[in-house]
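Naming convention: chains lettered A, B, ... in sequence-line order (proteins, then strands); numbering from 1 in each chain.
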Amino acid sequence: MLNLNMIDTLGGGIKKMFILQRNRHFPMPDYDLKEPDKVKVRIIGKVIDENYTRMLIQKTDLSLEEVIALDKVQKRKPINEEEFKHLKRKDLIEGRRPNLFVSAEVAAATDTKADYIRKRAFDKQHYIKMMKEYLEKFGYATRQDIDKLLLDKISDALNSRQKNKFISNLLQEMRRQGIIYSVGGKRGRGAVWKLSKEET
DNA sequence: TGGTACCAATAAAGCAGATG
DNA sequence: CATCTGCTTTATTGGTACCA
């Protein structure tokens, strides 16, 4: 047992377990100290979120506190304000509460993500222009047409669910600005979008 | 000059209901 | 019944004024 590193040789058992797991790039142990005379612990020996794992491999300078907070994020447990701000500032997490997730590809992606935020207003104009051109050419478009037109051009800083919603929001925005309208005011799947007369 | 408190604008996500 | 629209809500961003 000693050789297998399964016996706590030096004191500081609990903290040591955290560090051990960190060094193995595994999720943090879940301690349960609710019963006064017992210590229950769950050690997870598999990857929960590969972004978390990759982050630990890439960023060796994370403090134990940071790793623990990140662990909460991957386990979808709530984190406090302080932890949230800290992780967000360091671009270690993304998303909006309560739907946070561990950032993907830390080093490279922080740039892309920043790029995305900086350019998104500009990009939006670009997408609107593309959609207008499409509608001018073909007269109408279904959601599938629009997805095909834009989906692969949207920044990879967004996941596919976010990309979908981005297009939905974009359509709504254009509708509200009176650039386009849904033929017969249709909702749901069958909606067909057209350019408003003033825009043609 | 740099930090920050506040505010308006808006991006993103949630939700309900329509629709095929 | 999953998808998509339309509307609502929430969070973030970016500007600006203010103070040390």
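- Distance CG (A:N169) to C1' (C:dC4): 12 Å, rounded to an integer number of Å.
- Proximity of A:R175 to the phosphate of C:dC7: a side-chain N or O atom is located under 4.0 Å from OP1 or OP2.
- To the nearest 0.5 Å, atom OH of residue A:Y127 and atom CE of residue A:M174 are 13.5 Å apart.
- Atom CG of A:N164 is separated from atom P of C:dG6 by 16 Å (rounded to the nearest Å).
- Residue A:R143 places at least one side-chain N or O closer than 4.0 Å to OP1 or OP2 of C:dT5.
- Among all heavy-atom pairs drawn from A:I43 and A:P29, the shortest one is CD1-CB, 3.7 Å.
- Across the protein-nucleic acid pair, A:Q177 atom CD and C:dG6 atom P stand 15 Å apart, rounded to whole Å.
- Per the geometry, CD belonging to A:Q144 stands 17 Å off P belonging to C:dA2, to the nearest Å.
- Using bins of under 30°, 30° to 60° and over 60° for the plane-to-plane angle, the ring pair A:Y31/A:F18 lands in the parallel bin.
- Rounded to a whole Å, the CD1 atom of A:I167 is 15 Å from the P atom of C:dT3.
- When the nucleotides B:dA12, C:dT5, B:dG14 are ranked by their closest atom to the side chain of A:Q172, C:dT5 comes out on top.
- The phosphate of B:dA12 has neither OP1 nor OP2 within less than 4.0 Å of any side-chain N or O from A:Q162.
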* For side chain to side chain contact (heavy atoms under 4.5 Å, CB included), just list the numbers for A:M131 and A:L170, CA-CA rounded to whole Å, side-chain angles, deciding distance to a tenth of an Å, and then say yes or no. => CA-CA 10 Å; A:M131 229 182 295; A:L170 192 61; 3.7 Å; yes
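- If you measure from atom CD of A:E173 to atom P of C:dT5, you get 15 Å, rounded to the nearest angstrom.
- Between A:I146 atom CD1 and C:dC4 atom C1' there is a gap of 11 Å when expressed in whole angstrom units.
- In this structure, A:L170 places its CG atom 14 Å from P of C:dG6, rounding to the nearest Å.
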